[in-house]
There are 2 protein chains.
Amino acid sequence: MNVNAESTNGQVVIGLNAVIVAIIEEQPKVLVVQHTSETLTAQHETLTERTALPHDNRHEALPFGPFYPLKHRTLEAGLRSWVEEQTDHDIGYVEQLYTFGNEGRDPREEAGGARLVSVGYLALVQDTGPTAIENAVWQDWYRFFPWEDWRDGSPIILESDIIPALRQWIADAENNDEQKDRYERACITFGLDDTPWNDELVLERYELLYEASLVTERQDNLNGEEISDHRGTAMALDHRRILATAIGRLRGKIKYRPVVFELMPPTFTLLQLQKVVEALSGSLLHKQNFRRLIEKKGLVEATGKIESQTGGRPASQFRFRREVLMERQALGVRQN
Amino acid sequence: MNVNAESTNGQVVIGLNAVIVAIIEEQPKVLVVQHTSETLTAQHETLTERTALPHDNRHEALPFGPFYPLKHRTLEAGLRSWVEEQTDHDIGYVEQLYTFGNEGRDPREEAGGARLVSVGYLALVQDTGPTAIENAVWQDWYRFFPWEDWRDGSPIILESDIIPALRQWIADAENNDEQKDRYERACITFGLDDTPWNDELVLERYELLYEASLVTERQDNLNGEEISDHRGTAMALDHRRILATAIGRLRGKIKYRPVVFELMPPTFTLLQLQKVVEALSGSLLHKQNFRRLIEKKGLVEATGKIESQTGGRPASQFRFRREVLMERQALGVRQN
DNA sequence: ACTACTTATACTAATATTGAGCATAATACG
DNA sequence: CGTATTATGCTCAATATTAGTATAAGTAGT
């Protein structure tokens, strides 16, 4: 090849995207910023430079911050820096998710701008009240993925809408091979025909829906109304995809690492802990077995105190044994 | 904050690092390029622009390629593009590993250059003969991490050298808390005092050794001789760290996803498959149970043919059932 | 105080998975 | 033909998982 670097290199801008998760009233929440097209395309500037905007033509975006190489020793430091500055509280757990560099991620690019490469991070914070980010609100993450919440049984939207639409999409395949391929993928991801549902395939499901044109990728190419239908609310750019990545990763991780505790208050009952795990994984767990699991792993210790606001028999309060982070590996709250 | 972006942004250069793995004669190999300081600091240029260099003052580096936003639609496409061009064969499986953006990764940066952010990828290829990359050779990966190979029992270097040195480092702690912390971390990572060895903690072990000054991070700040001692060979920049990330990730992944088969020839016997898994994980498996596992998962099917070069009773040849990639999830060759 | 309801927690039986090993089969080599 | 070597089938005990039953200890209502 021997291409000249100068001529083909183009410009690259690096940004940091944060999926900031908290559990509020036993629901999984993600911090979302309300944007307009103008602020959005200028999103590599600092968030505080944004100005308040009229309520129409709005977008929901993940918080985004710049990476200043001269200021930040590491990517993670850059992320912590602006997130903590903006939200006014510590983010304990941070994990790098994925780096997104697809062409066309940012519409500005097409107008000759630089390619936006974003490093996505997952951050877990405790529910410590409102944040200071302008226009930022905690949104239930199932608002963007209503088919992912199985806590009240199989989501109605699946049976009544998505699965029929998927079957139509399978039937519409050009040829036999493609049809078989579509069917198999739909089986795995959406648990068609007795295939078991796998809670970790959040991104795979979203991408299948996108490919089948059953879901709207972006909010930004429409003007006016918010794009929200029974198949969930869209987000700016590829942010819904980043969120899907985060949810899937977190669902996987809690099974083998004790990361749930990053979302818990200092003391909690076992049922509270279970509710949080259920909120994240979107499915219900067997109570007695969950207890046994947690106790066997030695993840928690009783504080000796009692919580009486249970509505029934009072429950022991527990605290996370921080030591175990360093003790054994491969312990989490897997139960399937 | 409201810092001016122009003044603090600095320059960022994006590169793509590949950990290209193959199994050659039942040993885990990684593609390594022999560099000099000069070519190294210019490594964001294309590899083919490098010139052959004298044999002293050499470095071992992971293959590195540039990312051209104008040419490559995605980061992965950019990686595939230059890797396939250079190695002359397809890389089937590619997985994004991690994005490294630490200050001081590249010594050139200190001289006012741009910050080098590298997206690391893991690529699995089949053993298909020599590559066309100049100066590139397949190296046994345990050359860089001799303490990771337990196939012949506990590595001598551990007992005779590393563990004593670690105990000394623990004893040298400033205060009691630090001592306890050092001890616990050493227990988990290096399996001190009956803690079980965890094969996935490759990066954690390397970082502990680095922190304890028991290992040389880089080759590039020395001139002359290759840095290689009983504690493994160093690599350029932070490449040994990237390799450690790759090994740990691969060891984890084979347990729940059928990725080993990317490294296998089209047909193989079960013992050959087992040897590959053992080579990757660095530990031995129980033969009969391994068979049972593989057969139960339905990962392979008999070709009907027989391999007679076994040295004993001939073995059935198998092939990977590619369909299972789409069939069930959560199947791999976990056996611990 | 008694009843109904709610949640907490202990315990059990059936089943599945795993770890370790024994036994036998089929080849090569001398 | 005997021995070494690898392949493959099978067993058995230990452990883990799933799906419960049973009982304890509170609250609220009457």
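By convention in this document, chain letters (A, B, ...) are assigned in the order of the sequence lines, proteins followed by strands, and residues within each chain are numbered from 1. Computed from a predicted structure; not experimentally measured.
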Q. If you measure from the Lys or Arg side-chain nitrogens to the Asp or Glu carboxylate oxygens, is any gap between Arg322(B) and Glu262(B) under 4.0 Å?
A. yes

Q: Report the distance from atom CD of Gln272(A) to atom P of dT7(C), rounded to the nearest whole Å.
A: 13 Å

Q) Under 3.5 Å, side chain of Glu148(A) to main-chain N/O of Gly282(A), donor-acceptor pair present? A) no

Q: Test for a donor-acceptor pair under 3.5 Å between the base of dT21(D) and the side chain of Gln288(A), counting only N and O atoms.
A: yes

Q: Measure the distance from CZ on Phe268(B) to P on dA7(D) and round it to the nearest whole Å.
A: 14 Å

Q. Do side-chain atoms of Gln126(A) reach the backbone of Met264(A) as a donor and acceptor pair under 3.5 angstrom?
A. yes

Q: Would you mind reading off the distance between Lys297(A) atom NZ and dT15(D) atom C1', rounded to a whole angstrom?
A: 13 Å

**Q.** Gln309(B) CD to dA26(C) C1', straight-line distance once rounded to whole Å
**A.** 15 Å

Q. Which whole-number value in Å describes the distance from Phe290(B) CZ to dT18(C) C1'?
A. 15 Å

Q. Quick one: on DNA chain D, does Gly311(B) or Ser308(A) contact a more 5' nucleotide (nearest heavy atom)?
A. Gly311(B)

Q) Quick one: is dA7(D) close enough that its OP1 or OP2 comes under 4.0 Å of any side-chain N or O from Lys287(B)? A) yes

Q: Have a look at Leu270(A) and say if it touches a base, only the backbone sugar-phosphate, or nothing, with a 4.0 Å heavy-atom cut-off.
A: nothing

**Q.** First of Pro314(A) and Leu271(B) reached from the 5' end of DNA chain D, by closest nucleotide
**A.** Leu271(B)

Q: Look at the rings of Phe190(A) and Trp197(A) and say which category their plane angle falls in: under 30° parallel, 30 to 60° tilted, over 60° perpendicular.
A: perpendicular

**Q.** Separation of atom CG in Leu285(A) from atom P in dA19(D), rounded to whole Å
**A.** 11 Å

**Q.** Atom pair distance, as rounded to whole Å: CD in Gln274(B) and P in dT8(D)
**A.** 12 Å

Q. Reckon Ser316(B) has a side-chain N or O less than 4.0 Å from the OP1 or OP2 of dT8(D)?
A. yes

(Q) Closest-nucleotide mapping onto DNA chain C: is Ala315(A) or Arg313(B) further toward the 5' terminus? I mean the 5' end. (A) Ala315(A)

Q: For dT17(D), take OP1 and OP2 only and decide whether either is under 4.0 Å from a side-chain N or O of Lys296(A).
A: yes

Q: Nearest-nucleotide wise, let me know which of Glu295(A) and Gly312(A) is further upstream toward the 5' end of DNA chain C.
A: Gly312(A)

Q: Please tell me which of the listed nucleotides, dT9(C), dA7(D), dA19(D), lies nearest to the side chain of His286(A)?
A: dA19(D)

Q: Look at Glu207(B) together with Arg241(B) and state whether they make a salt bridge at an N to O cut-off of under 4.0 Å.
A: yes

Q.
If you only use heavy atoms from C-beta on, which nucleotide in dG9(D), dA8(C), dT11(D) is closest to the side chain of Arg292(B)?
A. dT11(D)

Q | Separation of dT15(C) C1' from Asn289(A) CG (nearest whole Å) | A | 13 Å

